[in-house]
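These notes concern the structure reproduced below.
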Amino acid sequence: MNIYTQNDTIAAVATPVGTGGIGIVRLSGSESFNVMEKIFSSSLHEKKLPVFKANRIYYGWIHEDLKPVDEVILLCFHSPNSFTGEDILEIQCHGGINVVRQILQLCLKNGARLAEPGEFSRRAFMNGKLDLSKAEAVIDLIHARTDRFSRESALNLSGRLTEKTNLLRTEILDLLSRITAAVDFPEEVDEPAYEHIQNRTGNIILEIENILSYSASSNLMRNGVKAVIAGRPNAGKSSLFNALLDAQRAIVTEIPGTTRDIIQESIDLDGIPLTLIDTAGLRELDDSSQHSYIESLGINLTKETLEISDVIIYMYDLTRGMTQEDVKTLERLKSRDNVLKVGSKLDLAKGVTADNGVIKISSKDKTGLVELKKAVKEIILSNPRPESEFCTNLRQQQCLRDSREFLLKVLGACQNRDPQDLVCIDLKSALTSLGEITGEVVSEEIIDNIFSSFCIGK
Ligand SMILES: Nc1nc2c(ncn2[C@@H]2O[C@H](COP(=O)(O)OP(=O)(O)OP(=O)(O)O)[C@@H](O)[C@H]2O)c(=O)[nH]1
Ligand SMILES: [Mg+2]
């Protein structure tokens with residue numbers, strides 16, 4: 001993707017496709033103001049151009065040969081004080097699909113090129129305006145499905161991870177400088193004691209491990225989990241699905257076999273994005289009617305979904321008790337440690353006793369739902385730490401692990417009393433791995449990979 005190294009002027013629509021109050025077309029590059037001079041005027045009676053000053057807002061018209069396209073305001077930023085570090089103009093127009101597209105077309109016709117996905121942010125990175133971990137925080141913030149993940153991403157955007165990484169890098173650099181000085185000038189500078197190197201390296205490893213200890217909860221917040229509601233027809237699965245969503249999303253009837261397809265929606269379970277899946281009721285079908293055929297397809301889908309789900313909410317009707325088929329299905333799921341047994345319709349089965357470990361609920365009057373959510377959370381959080389001090393993605397975790405590996409080698413080398421110039425090699429590699437987190441040292445391929453996951457206009 002070498003186009004990124006070019007300094008041409010790019011344009012894109014920065015707001016989502018669709019109708020809205022305001023649409024934004026963004027331009028970045030040295031030609032931005034020249035493009036604008038061709039398509040903007042403060043008046044429609046005659047071509048009138050303001051002197052575009054930095055950090056100012058201008059009112060006027062986007063026009064084509066003084067024929068009005070839209071009434072807009074312009075936000076002006078001059079290089080280097082802008083998001084990308086280049087000249088930037090943001091055209092705020094009315095948010096109609098067509099008008100936004102027309103303005104973009106005019107920009108393209110008058111000297112700009114359509115931006116690639118993430119190209120604005122990539123330019124910001126290239127111009128030192130945004131480090132890599134902050135750029136990744138921007139993507140996270142845009143895609144966050146829960147309040148908690150938004151907050152975590154905003155903290156990273158504000159520099160939490162960058163600052164921590166830089167602190168650790170400074171520590172390594174400091175140690176490296178002391179050893180290098182002694183290696184290069186053995187007459188003047190004494191070698192640091194091996195114990196000293198070991199102590200400091202050990203502390204850095206502990207710090208890295210502390211950040212890594214939040215990996216599982218970071219991954220959970222980022223990726224979310226799948227919880228499937230399964231059980232026999234009429235067990236009350238769709239009713240529970242609706243009750244948890246607090247919306248009438250799935251059809252509920254007293255006819256067994258109502259749900260035939262997989263229906264899924266996302267809910268926020270205390271900061272964890274939980275994809276809740278309603279399924280077709282499990283039962284043996286013995287006739288070969290078309291109706292049964294369709295239902296059997298649904299049942300197969302249910303079985304496949306059971307395989308890939310992180311939590312299985314297995315429901316049975318308390319008023320009917322557990323049937324042989326329920327027992328058989330639960331037997332098949334025995335090896336999984338993620339099954340919750342849920343008895344439904346508690347409002348109709350007040351005096352009914354249930355096995356130990358069964359969570360009794362009523363979707364009708366919403367009893368037992370808090371306990372159910374708590375139990376789901378317990379399964380999900382059996383490993384990860386619930387609170388996160390550091391939120392990292394897989395790439396950043398790999399950089400941290402690589403760095404830790406090199407630092408462990410440093411400890412080993414000190415233990416063996418290897419020459420200190422050898423110790424330096426691993427310290428340098430540990431430094432490089434940490435530098436990859438913020439993009440201090442990073443390959444073109446990784447940069448491409450990160451910025452291609454942005455949307456156009458960002
Ligand atoms: N009184 C009462 N009725 C319920 C409750 N939950 C479900 N029902 C009723 O039980 C019937 C079946 O409910 P559904 O939610 O459609 O059951 P399902 O498991 O999705 O059924 P299928 O889609 O056919 O597999 C409906 O008539 C619901 O109104 C409950 O908590 N209390
Ligand atoms: Mg259903």
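Read the numbers this way: they start at 1 and go in the same order the structure lists the ligands and their atoms.
Around the Mg ion (ligand 2), the protein N, O or S atoms found under 2.8 Å comprise Ser238 OG, Thr259 OG1.
The atoms of ligand 1 that sit less than 4.0 Å from any heavy atom of Gly236 are 7 (C), 13 (O), 14 (P), 15 (O), 17 (O), 18 (P), 19 (O). Set against the non-hydrogen atoms of Thr253, the atoms of ligand 1 under 4.0 Å away are 11 (C), 12 (C), 13 (O), 16 (O), 26 (C), 27 (O). Taking a cut-off of under 4.0 Å to the non-hydrogen atoms of Glu254, the atoms of ligand 1 that pass are 27 (O). Shown in contact with Ile255 at under 4.0 Å from a heavy atom are these atoms of ligand 1, numbered in order with element: 24 (O). When each atom of ligand 1 is checked for a heavy atom of Val252 under 4.0 Å away, the hits are 13 (O), 14 (P), 15 (O), 16 (O), 26 (C), 28 (C), 29 (O).
Annotation: atom 11 (C) of ligand 1 to nearest protein heavy atom, Asn234 OD1, 3.4 Å. Counting protein heavy atoms only, atom 7 (C) of ligand 1 is closest to Ser239 OG, 3.1 Å. Nearest protein neighbour of atom 18 (P) of ligand 1, counting heavy atoms only, is Lys237 N, 3.4 Å.
Contacts with ligand 1 closer than 4.0 Å are made by backbone heavy atoms (N, CA, C, O) of Pro256 only, the side chain lying farther away. Looking at Asp278 against ligand 1, nothing comes within 4.0 Å, counting heavy atoms. Counting heavy atoms under 4.0 Å from ligand 1, residue Leu240 does not touch it at all.
A distance of 12.0 Å separates CG in Asn223 from CD1 in Ile272, rounded to the nearest 0.5 Å.
Remark: Arg26 qualifies as a cation-pi partner of Phe120 under the 6.0 Å distance and 45° angle criteria applied to the six-membered ring. Annotation: cation-pi geometry not satisfied between Lys458 and Phe451 (NZ/CZ under 6.0 angstrom from ring centroid, within 45° of ring axis).
Not a single donor-acceptor pair under 3.5 Å links the side chain of Asn110 to the backbone N or O of Val35. Using a distance-only test at 3.5 Å, with no hydrogens or angles considered, a donor-acceptor pair links the side chain of Glu119 to the main chain of Glu116.
At least one side-chain heavy atom of Leu407 sits less than 4.5 Å from a side-chain heavy atom of Ser403. When side chains are defined from C-beta on, Ile91 counts as touching Met36, because their heavy atoms get closer than 4.5 Å. Between Ile263 and Ile277, the closest side-chain pair of non-hydrogen atoms is not below 4.5 Å.
Around CZ of Arg320, the count of heavy atoms belonging to other residues, nucleotides or ligands within 6.0 Å does not exceed 12.
Distances shorter than 4.0 angstrom do not occur between any heavy atom of Gly231 and any atom of ligand 1.
Geometrically, ligand 1 and Asp347 share a nitrogen or oxygen pair separated by less than 3.5 Å. The shortest N/O to N/O separation between Leu348 and ligand 1 does not fall below 3.5 Å. Between Ala235 and ligand 1, at least one pair of N/O atoms sits closer than 3.5 Å.
Using a 4.0 Å cut-off between charged nitrogen and carboxylate oxygen, Glu295 and Arg283 count as a salt-bridge pair. Residues Asp268 and Arg145 are not paired through a salt bridge, judged by the lack of any N-O separation under 4.0 Å between the basic side chain and the carboxylate.
Across the listed options Met315, Arg260, Lys345, Lys366, Lys345 owns the non-hydrogen atom lying nearest to atom 3 (N) of ligand 1. Looking at Gly281, Ser344, Pro233, Gly257 and measuring to atom 24 (O) of ligand 1, the nearest heavy atom belongs to Gly257.
With Thr162 as the fixed residue, the side-chain hydrogen bond (donor to acceptor under 3.5 Å, both in side chains) test singles out one of Asp131, Asn156, Thr438: Asp131.
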